[in-house]
Amino acid sequence: MGTIDLQKKSLKVVLEKKQLTAVTARVGLVLDITGSMRTLYKSGTVQKVVERILAVATEFDDDGMLDIWVYDNEFSRLDPVTEKDFEGYVDRKILQNEAVHKFGRNDELPVMKDVLTKYLQEDPAEEPAFIVFINDGGCRKNIKSLIESSADKPLFWQFVGVGNGNFDFLKKLDELEGRVTDNAHFIHIEEIDKISDDELYDALLNEFPSWIKEAGQKGLLAQMAGSGEAAAAIAEEPSPEPETRERKGFFGRLFNR
């Protein structure tokens, strides 16, 4: 059994546990390619991240495509990746691509605007979008208004902090008030290449079910048959007690929560 098949097997267990098997969603991956990420690209860690998130796309989306962006102080929207062409994707499409600006400073706002442009303007669809956003610290606070203004759209931002950078702003995403939905969440995984698939998918999809429920109740998913059914199913499940959201012991140490 290939690596991606094993990842899909692990993911299916998590999807069943979180009542997400009926969800249909488009999946996008935004990759930090600032100077401090150089080692993770060269070591193959980013390639492994692409493969692991691709498994999510193959389960959530019928076409099995994972949309990819990279950014530093510029950004590039790349060709989607599929199970047919994922091997060596990072080398071919990013590291060896002279059109991709690499290893500069960070500027998240332009790439986030382009994500919204693709899913809401250029290619609107019935399915919501689940966006995994990889960042290794120092995310600019000017994205706050974009997160707030996109809270009434069928799109969820899942930020993943890797390494030991400064994530003070991203840690406060759940505290942003006045939004139509809680459309953004942050997890910190210090060494993403060492966490198991089971643990990664459990953390990555921790807040998505509650957003599906909330967005469905507020009519954002009313026209989406698959996601609407999932929202109804999730709505029947009791909300977790506050203490269950604060992982203790191993998970607490793992995600610094």
Side-chain angles (χ1 to χ4, degrees), residues 2-12 14-15 18 20-21 23-33 37 40-41 44-71 75-97 99-100 108 111-120 122-135 153-160 162 184-185 187 189 192-193 195 197-198 200-208 211-212 224 226-227:
T3 301
I4 196 165
D5 292 321
L6 291 172
Q7 292 165 344
K8 288 162 66 175
K9 185 177 181 180
S10 295
L11 176 62
K12 285 179 180 179
V14 174
L15 293 178
K18 295 182 180 295
L20 288 173
T21 55
V23 167
T24 301
R26 295 182 291 175
V27 182
L29 175 62
V30 181
L31 294 165
D32 185 338
I33 195 168
M37 287 284 293
L40 294 183
Y41 277 90
T45 295
V46 175
Q47 172 67 31
K48 292 177 183 176
V49 169
V50 169
E51 295 173 13
R52 295 169 97 177
I53 306 305
L54 174 60
V56 179
T58 60
E59 292 301 311
F60 273 166
D61 197 340
D62 290 341
D63 66 13
M65 291 196 306
L66 174 63
D67 298 317
I68 304 280
W69 285 261
V70 293
Y71 80 96
F75 74 87
S76 297
R77 189 196 301 184
L78 304 177
D79 293 333
V81 60
T82 70
E83 287 189 73
K84 295 180 180 179
D85 61 1
F86 72 87
E87 294 184 1
Y89 180 90
V90 169
D91 279 336
R92 292 194 323 273
K93 298 294 186 176
I94 302 176
L95 295 180
Q96 297 177 21
N97 186 348
V100 172
E108 291 78 18
V111 70
M112 291 179 70
K113 287 181 177 179
D114 193 61
V115 170
L116 294 180
T117 296
K118 173 179 170 53
Y119 291 119
L120 303 180
E122 296 177 2
D123 190 21
E126 292 186 342
E127 299 82 13
F130 176 69
I131 310 301
V132 179
F133 198 109
I134 305 295
N135 173 267
K153 306 297 188 294
L155 186 146
F156 183 81
W157 302 97
Q158 177 59 67
F159 290 89
V160 180
V162 297
H185 184 58
I187 58 174
I189 305 176
I192 198 167
D193 56 335
I195 186 175
D197 290 331
D198 292 342
L200 174 64
Y201 295 135
D202 188 73
L204 200 66
L205 298 168
N206 192 47
E207 293 290 320
F208 192 47
W211 177 80
I212 288 285
M224 306 169 192
S227 294

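Just so it is clear, the values below take in all heavy atoms, side chains as well, and ignore hydrogens, waters and symmetry mates.
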Checklist entry - Would you say the side chain of W211 lies within less than 4.5 Å of the side chain of H185, judging by non-hydrogen atoms? => result no

Item to check | Closest non-hydrogen atom pair, F60 against L20 | outcome: CE2-O, 4.1 Å

Item to check | Inter-residue atom distance Q158.CD - I134.CD1, 0.5 Å rounding | outcome: 9.0 Å

Checklist entry - When the ring planes of F208 and F156 are compared, do they come out parallel, tilted or perpendicular, using 30° and 60° as the limits? => result tilted

Checklist entry - Quick one: does F130's side chain get under 4.5 Å of V23's, heavy atoms only? => result no

Next on the checklist: Restricting to non-hydrogen atoms, name the atom on P80 and the atom on Y89 that form the minimum distance, rounded to 0.1 Å.
Outcome noted: O-CE1, 4.2 Å

Checklist entry - What closest approach, in Å, do A184 and F159 show between heavy atoms, and which atom pair accounts for it? => result CB-CE1, 4.4 Å

Checklist entry - Which value, rounded to the nearest 0.5 Å, describes the distance between I4 atom CD1 and E87 atom CD? => result 9.5 Å

Next on the checklist: Within the structure provided, determine whether L204 and V14 are in side-chain contact (heavy-atom separation under 4.5 Å).
Outcome noted: no

Checklist entry - Side chains of K153 and Y119: closer than 4.5 Å at any heavy-atom pair? => result no

Checklist entry - When rounded to the nearest 0.5 angstrom, what is the spacing between OG in S76 and CG in D114? => result 9.5 Å

Item to check | CG-CD1 distance between L29 and I68, expressed to the nearest 0.5 angstrom | outcome: 4.5 Å

Next on the checklist: Around atom NZ of K12, are there more than 12 heavy atoms from other residues, nucleotides or ligands closer than 6.0 Å?
Outcome noted: no

Checklist entry - For L205 and L11, what are the C-alpha separation, side-chain angles and deciding distance, and is it a side chain to side chain contact (heavy atoms under 4.5 Å, CB included)? => result CA-CA 10 Å; L205 298 168; L11 176 62; 3.8 Å; yes

Next on the checklist: Rounded to the nearest 0.5 Å, what separates atom CG in N135 from atom CE in M37?
Outcome noted: 8.5 Å

Checklist entry - Do Y71 and D32 touch side chain to side chain, with heavy atoms closer than 4.5 Å? => result yes

Checklist entry - Nearest 0.5 Å, what's the OG1-CZ distance between T117 and R77? => result 7.0 Å

Item to check | Among D61, D123, D67, salt bridge (Lys or Arg N to Asp or Glu O under 4.0 Å) partner for R26 | outcome: D123

For residues 49-59, tabulate all N or O donor-acceptor pairs below 3.5 Å that involve a side-chain atom, not counting sequence neighbours.
unit_1, atom_1, unit_2, atom_2, d
E51, OE2, Q47, NE2, 2.9
R52, NE, D197, OD1, 2.9
R52, NH1, I192, O, 2.9
R52, NH2, I195, O, 2.5
R52, NH2, S196, O, 3.3
R52, NH2, D197, OD1, 3.1
T58, OG1, A55, O, 2.7

Item to check | Worked verdict on I187 versus N206 for side chain to side chain contact (heavy atoms under 4.5 Å, CB included) | outcome: CA-CA 9 Å; I187 58 174; N206 192 47; 5.8 Å; no

Checklist entry - Can you find a pair of side-chain heavy atoms, one from Y201 and one from Q7, that are under 4.5 Å apart? => result yes

Checklist outcome for this item: Taken in chain and number order and not counting sequence neighbours, the residues that satisfy salt bridge (charged side-chain N to carboxylate O under 4.0 Å, His left out) with D79 are K93

